[in-house]
Amino acid sequence: MDYDFRKIEAKWQKRWAEEKTYKVVEDSSKPKYYVLDMFPYPSGAGLHVGHPLGYIASDIYSRYKRLCGFNVLHPMGYDAFGLPAEQYAIQTGQHPEKTTDENIARYRSQLDRIGFSFDWDRSVRTCDPEYYKWTQWAFIKMFKSWYDPAMDKARPIAELIDRFEHEGYDGITPQQWKAMSEKEKSDTLMNYRIAYLGETSVNWCEELGTVLANDEVKDGLSVRGGYPVVQKKMAQWQLRVSAYAERLLAGLDKLEWSDSLKEMQRNWIGKSEGTEMVFDTECEGRHLPITIFTTRADTVFGVTFMVLAPESPLVQELTTSGQKAEVEEYLQYVSHKTERERQAETKNVTGVFSGSYGINPLTGEKIPIWISEYVLSGYGTGAIMAVPAHDSRDYVFARKFNLPIIPLIEGADVSAESFDAKEGTMMNSGFLNGMPVKQAIEAAKDYVEAHGLGRRKTNYRLRDAIFSRQRYWGEPFPIYYKDGIPTPLPDSELPLRLPEISSFRSQHGEAPLERAKDWTYKGYPLETSTMPGFAGSSAYYLRYMDPHNDSELVSADADRYWRSVDLYVGGTEHAVGHLIYSRFWNKFLYDIGCVCEDEPFRKLVNQGMIQGRSNFVYRKVGTNTFVSVGLKDKYETTEIHVDVNIVHGDKLDLEAFKAWRPEFADAEFELENGEYICGWAVEKMSKSMYNVVNPDEICETYGADTLRLYEMFLGPVEQSKPWDTKGIDGVHRFLKKFWRLFFDRDTLLVSDAKPSAAELKALHTLIGKEQEDIESFSYNTNISAFMIAVNTLTELKTSSREILEPLVVLLSPFAPHMAEELWEALGHSDSVTKAAFPEFNPALIVEDSVKYPVSFNGKMRFTVDLPKSASPAEVEAAVKALPDTARYVGNQTIVKVIVVPGRIVNIVLK
RNA sequence: GCCCGAGUGGCGGAAUGGUAGACGCGCUGGACUCAAAAUCCUGUGUCCCUUAAAGACGUGUGGGUUCGAUUCCCACCUCGGGCACCA
């Protein structure tokens, strides 16, 4: 019987589904392990070979952990709310639910073909009301909570109301509180709630008709669609993520994530420890203290001007009547610029003088106050002290407007550029003179605090997450407006289902839900925006633990058993979006006692992207003649993408090319050595570049086991690499060889013969390597080890069951279909999934050499590593060689001399 | 500009202080075959050389540490990723 992968794979996929082989239930007798993939957004294009890379890696890990005796939770679901489905609906009038269902069905069948060990009974989809009920539930919890800085955690809002009523809080006295109207009370509480409604400047995308989060915008364009994004002031629902900044930062230390990913999160959180300092200012006789934030308190002696953000409310206060016209003109100019334009023109310095002056608190000098767009209103206090000598932005500004520059660090040359580094010795700085910069910063902070000029302050760049989207295909907010006061629905009304609407297009910033009929609760209007994509993906890993529970997000029992995700596999593109929001969401649930772990993803592996490898043909301009790549420079040619599926090893299939598109039917060719060689490039895998490779085709030609093996053999999981089928025959050949260890045509070769030492060595080398490699995700080297083992065993003509049986178990995480088939052939009625990982015996793999401990000088110990066959004379010779080389050893204590047959190679220090 | 990460044969890559290039692809020659496919065997870093032996060189570049460096340190170059007026 030959290796008939089509038959074998279909047979086992059917059986796994029928017998629910991968169904998992909580089992306190076994240790648990939770392996999670980032669930996909089911797009219309279906899966290409890049998508399953991470799924294959995590599936191998899950199967390995099962063999090791763990109760493994390995679920899969769909992130099904989102813009593309809605955009498609706008274009075609099809309901997004319909296209989403179709796409999911397609994804499911593609995934099933690859042989994953998901427990599909636990599958979730974010657009399912039974699922988004819990997204809405969590939102209400956030609405009903505030962040208590004293306890450093979220607490019920009732506690805050109680404080306002009885003792007062944050400058509001009980008397003031009691005097407030309901609306005023509601507005006040909005300043504290974790989920709150607030006026804010948002990224508005006219084309998409919605606001976007900062991580949904890149270079002033929307990440999805690439449409322009502008700034606009709007009342939006927001999540107080910033309250968790310090905990989100500190929590990173405990996580097994890559350094680069942690670093990205740290940058995004952007902690900055500095000083808030008060400068007195004077505008037409009125005095107004303004607060600035700086990390360089040591440079106050070099402050020669101050700058306000154009959006700062202080601008109105500090503009003198003489400057009013000029300032107004500048504000007009700034307001007409989009965020994109502001970013694009960072070198073009603009600004205007306000007319008023501030007083340097240390020198008492009068310094002008300017207004410029280079100061951001959203960070710090929206006002800065400018030190042109030691800040490059202030320097450029000072040069442009001829403001004085005072150097404060000895030897710093500020004639051409500023000296930003925090090093050197202070000068021109009063009591700080002579100090190194770092020391001066601390001394200045102390001085400022001691003299009541300001205080130490930590700022974070992390902003609150804007949570409203003016679109249809998302979770509706469980909020209604009772006399204008936002009020949550009672839990018993959840889920609040998405209403039907007639047209999906939004106009003039009006949300699609505004057109829904009877979108009210008890006669009061319901909120018309919907939640963003990250809402549904923030706690999905919890729902997998207990997916059918309709009274709780997750039961305490299920949560205590599964706790958190042990291994999370996904791409880096979610580094600062999903992975921040999810951690925030989880920490909130932790605060309210809903979950028992405060970090959701203990270990995270980022799989690399699989890029496409595009092929090109070259058409002579004005003709229908195509020249091979080596000849293209002789003519003027146009480069044209050609479907990679009609190119094999960069050689174009001429007939297939003529048939590809009508305009090439009568194409002519100029060949090289009788062949047409295509050019190539590594690009993103996409339809428009004709470089998409579909996993179904690979499964059809080579089988799912080959696909799995090949994707892993391509290189390290974390690395990005182009898809290139050149090597796929190699792994396919390996599987056929593996098969032939067991079968010669129809004859099963397995016997009860005792294994030889060489056979045991080959097996146990592999067992040891597999343990090590899977734990470190070095799947590619492990497959190499498999190839070596199979070659050795083939050569040894192994038939021993004691070798072959464990070998099948070792193969099963990588090529589960073949492993099941062979396992059954070996006489097992149970799935190979239920087998145990073979026990590793390192004694069976020792080298044919022996270590001779040798003392030297009574102090150092040497280990001489010699072949067993070495004669005493050879050992002596090796040892005699030691003193010469050992001279260099100094106070090292152990030295190993590696002896390859006949010659001393080197010494090992330990 | 700032912060990460990476540079090894014709190609994907292996080796984390100890015989560089495992394993696979490709290519060379051969066996089987009428032939092909499939399968198996052989060789395959570069230079010198008809070939082989022997030798020299060789992990982006230049220095350093070490008996010994692809691996550790410093500087530079190139590529990839992230952040980018965050005071």
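Atoms considered below: every heavy atom in the structure, side chains included; atoms not considered: hydrogens, waters and symmetry mates.
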Trainee: If you measure only the distance, is there a donor-acceptor pair under 3.5 Å linking the side chains of A:T381 and A:E276?
Mentor: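 Their side chains do not contain a donor-acceptor pair, so the 3.5 Å distance test is not met.
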Trainee: Looking only at side-chain atoms of A:T781, point me to the closest of B:A87, B:C23, B:A15.
Mentor: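 Per side-chain heavy atoms of A:T781, the pick is B:A15.
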Trainee: Using a 4.0 Å heavy-atom cut-off, does A:R266 contact any base of the nucleic acid, only the sugar-phosphate backbone, or nothing at all?
Mentor: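 Nothing, no nucleic acid heavy atom in range.
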Trainee: Drop me the distance from A:Y379's OH to A:Y460's OH, to the nearest 0.5 angstrom.
Mentor: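 If we round to the nearest 0.5 Å, A:Y379:OH and A:Y460:OH are 10.5 Å apart.
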Trainee: Under 3.5 Å for both donor-acceptor distances, Watson-Crick or wobble: does B:A87 have a partner, and if so which one?
Mentor: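 The base-pairing partner of B:A87, which may sit in any strand shown, does not exist here.
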Trainee: Tell me whether the guanidinium CZ or amine NZ of A:R583 lies under 6.0 angstrom from the six-membered ring centre of A:W268 and within 45° of its axis.
Mentor: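 No, A:R583 does not lie over the aromatic ring of A:W268.
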Trainee: Is the base of B:G9 syn or anti, where syn means the angle lies within 90° of 0?
Mentor: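 Syn, which is what one calls it when the glycosidic angle falls within 90° of 0.
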Trainee: Counting heavy atoms from C-beta on, name the nucleotide in B:A87, B:U39, B:G82 closest to the side chain of A:V375.
Mentor: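 Nearest listed nucleotide: B:A87.
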Trainee: I want to verify a distance call: between B:C40, B:G82, B:A22, whose nearest atom is closest to the A:I788 side chain?
Mentor: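 Looking only at side-chain atoms, A:I788 lies closest to B:A22.
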Trainee: Classify A:N780 by what it touches in the nucleic acid, base, sugar-phosphate, or nothing, heavy-atom distance under 4.0 Å.
Mentor: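 If one applies the 4.0 Å heavy-atom cut-off, A:N780 turns out to touch the sugar-phosphate alone, with no base involved.
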Trainee: Where each residue is assigned the nucleotide of RNA chain B containing its nearest heavy atom, which of A:P716 and A:R733 is assigned the position nearer the 5′ end?
Mentor: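 Nearest-nucleotide comparison on RNA chain B picks A:P716.
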Trainee: Is it the case that the side chains of A:Y395 and A:D420 hold a donor-acceptor pair, with the cut-off being a distance below 3.5 Å and no angle test?
Mentor: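 No - no donor-acceptor pair under 3.5 Å links their side chains.
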